[in-house]
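Letters go in sequence order (proteins before strands), and every chain restarts at 1.
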2 protein chains.
Amino acid sequence: MLKKERHAFILQQLNIHNRVMSNDLLQRLAVSEDTIRRDLQELAEEGKLIKVHGGALSRSLHFTLSANDIYLPKEKKTIAQKAATLVQDGMVVLLSGGTTIRELIHHLAPELSATFITPSVPIALELMNHTGSEVIFIGNRLHKVAQIAIGAELTRQLASIQADVCLLGTNAIDSKAGITENEWEVAEVKKSMCQAARQVVALAISEKLNTVQPFQVCKASAVHAVVTEFEPHDERLAAYRSAGIQCI
Amino acid sequence: MLKKERHAFILQQLNIHNRVMSNDLLQRLAVSEDTIRRDLQELAEEGKLIKVHGGALSRSLHFTLSANDIYLPKEKKTIAQKAATLVQDGMVVLLSGGTTIRELIHHLAPELSATFITPSVPIALELMNHTGSEVIFIGNRLHKVAQIAIGAELTRQLASIQADVCLLGTNAIDSKAGITENEWEVAEVKKSMCQAARQVVALAISEKLNTVQPFQVCKASAVHAVVTEFEPHDERLAAYRSAGIQCI
DNA sequence: ATAAAACCGGCATAAACCGGCATAAATGTA
DNA sequence: TACATTTATGCCGGTTTATGCCGGTTTTAT
């Protein structure tokens with residue numbers, strides 16, 4: 001077995017399982033522990049995986065790890081502030097779930113008077129602190145993990161709504177693949193939300209840019225704007241601008 | 001299982017449920033109590049969570065939770081425990097809002113499998129920690145102060161429901177005037193809930209006994225049982241017993 | 001007040017890590 | 001072809017890490 005082959009195999013396993021353990025690899029590849037360790041070390045130096053004691057983790061899993069980092073006040077705050085300016089008096093606004101959206105609510109002007117519609121329980125709870133606005137929760141069956149409403153009743157209620165704008169906390173966005181999600185039911189909900197609004201705005205921290213998940217929410221062409229922590233004319237947003245997406 | 005994986009899992013759980021318990025984690029991750037403790041300790045040092053006795057809280061929401069958890073009179077706990085025994089496997093249960101109901105949820109057996117229906121946002125959020133059961137939220141327009149759904153859509157949805165039991169956190173109850181409320185809209189919601197269930201059970205701390213508020217929820221004769229912190233045969237409940245209400 | 005549960009510090013151990021060295025195969029060069 | 005160089009791999013020792021266990025203490029709940 002050639003070194004390159006081993007490397008390819010390791011990366012393949014990593015793509016499938018999001019993790020590999022040295023012990024497992026050295027048996028299946030029939031090489032010594034040291035060789036595996038060196039392999040992982042090299043791949044880690046090339047940035048193709050994250051080395052940890054006893055094995056390695058895929059880069060994407062590490063994203064979710066750092067995404068869980070509660071301490072991202074800077075970027076998320078920036079995004080939330082910029083996105084908050086999009087909400088004007090009298091608007092009907094659809095909100096998804098997620099910590100960025102929650103942060104956005106904190107940045108709404110207290111005297112603002114808008115109508116907020118959301119399928120997310122924590123977001124609904126947060127919105128109730130906002131005195132000026134009306135809050136409408138949609139859906140009835142609740143998804144425990146995502147803490148949002150799902151199912152047919154939600155779609156039925158959304159069908160009778162034409163919101164001014166839909167603000168989505170985004171898991172993954174790509175200038176070609178559009179907005180994607182890693183859970184089917186959540187993707188379905190967001191898909192319905194996009195269809196119920198005249199404009200779709202994606203709130204995405206830069207590390208979510210150019211990433212793709214299995215389930216599509218909407219095509220890139222359906223996204224009207226994307227809000228990141230970057231300046232509007234940042235080079236790293238070029239692909240989105242040329243896809244006709246406004247960058248804020 | 002690699003250490004980093006556990007950490008990622010813990011943070012993920014934390015983002016979902018806003019809290020984790022060591023005991024729960026050590027079973028699901030199949031490691032010793034010590035390892036979990038060390039994991040939580042390390043994550044706490046990195047500032048990714050708040051360590052508390054027996055588990056950890058999410059950094060973002062711990063204040064809301066602990067604030068509500070701190071204020072728990074002993075009586076409410078007693079009531080919640082007794083009321084929790086009324087919920088059996090397979091039941092469809094309507095729940096109102098209120099801290100007593102929330103406490104009740106904590107006392108549900110984890111392996112219980114029931115369907116809970118509620119118009120209260122905090123209660124819905126709390127219910128999502130209960131793995132075994134299905135959670136349905138009803139209504140869409142939200143009342144900011146009471147944090148429950150109100151309005152016509154709620155009534156419409158309730159009309160198509162026949163629950164086994166309706167558990168009401170009660171503001172005022174009297175053996176003659178029945179259950180009453182101090183806000184019209186909330187009273188309307190609870191009235192609809194009573195009509196949508198075969199049985200109505202009132203959870204009332206003793207200080208609420210024999211008090212009357214302006215807006216009626218239901219007549220005394222419509223109440224099947226009342227749960228207080230008293231013993232079932234306590235003298236002070238005599239009036240309710242003779243009104244045909246079961247005292248628990 | 002008392003018992004159960006959670007916490008802490010320390011210890012033990014097995015697994016994983018590291019650096020260096022040796023060997024052998026592959027590659028390059030005269 | 002013969003010799004030197006590089007590369008890949010395995011092996012060895014000493015070190016670090018991860019984890020479980022244990023005794024004693026604190027916190028929580030009844």
Note, [X] side chain near [Y] side chain (heavy atom, < 4.5 Å):
X: A:L125; Y: A:P122; result: no
X: B:I105; Y: B:E126; result: yes
X: B:V93; Y: B:L86; result: no

Between atom [atom1] in [X] and atom [atom2] in [N], what is the gap in whole Å?
X: B:M1; N: D:dT19; atom1: CE; atom2: P; value: 11 Å
X: B:Q81; N: D:dT30; atom1: CD; atom2: C1'; value: 10 Å
X: B:K4; N: D:dT17; atom1: NZ; atom2: C1'; value: 12 Å
X: A:K3; N: D:dG10; atom1: NZ; atom2: C1'; value: 15 Å
X: B:R6; N: D:dT17; atom1: CZ; atom2: C1'; value: 12 Å
X: A:E42; N: D:dT7; atom1: CD; atom2: P; value: 11 Å
X: B:L40; N: D:dA18; atom1: CG; atom2: C1'; value: 16 Å

Non-hydrogen atoms of B:V165 and B:A197 that approach each other most closely =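 B:V165 and B:A197 have their closest heavy atoms at C-CB, 3.9 Å.
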
Looking only at non-hydrogen atoms, find the nearest pair between A:K51 and A:L40 and report the distance.
->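 It is CD-CB, 3.6 Å.
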
Answer with yes or no whether the side chains of A:T99 and A:K76 bring together a donor and an acceptor at under 3.5 Å.
->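 Short answer, yes.
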
Establish, from distance only, whether the side-chain atoms of A:N171 and A:Q213 form a donor-acceptor pair under 3.5 Å.
->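 The answer is no; no qualifying pair exists.
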
Report the distance from atom CG of B:D164 to atom CD of B:Q199, rounding to the nearest 0.5 Å.
->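 Separation between the atoms: 8.5 Å.
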
Report the end-to-end axis angle of the helix from C:dA1-D:dT30 to C:dA30-D:dT1; each axis comes from five terminal pairs, and the value is rounded to 10°.
->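 That helix has its two terminal axes inclined by roughly 40°.
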
Applying the side-chain contact (heavy atoms from CB on, under 4.5 Å) test to B:M193, which of B:L95, B:L158, B:I117 qualifies?
->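 Single pass found, and it is B:L158.
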
Determine: side-chain N/O of B:T35 to OP1/OP2 of D:dT19, distance under 4.0 Å, yes or no.
->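 Result: no.
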
Per-nucleotide protein contact along nucleotides 11-28 of chain C, 5' to 3', at a 4.0 Å heavy-atom cut-off (B base, S sugar-phosphate only, - neither), is -----SBBBB--------

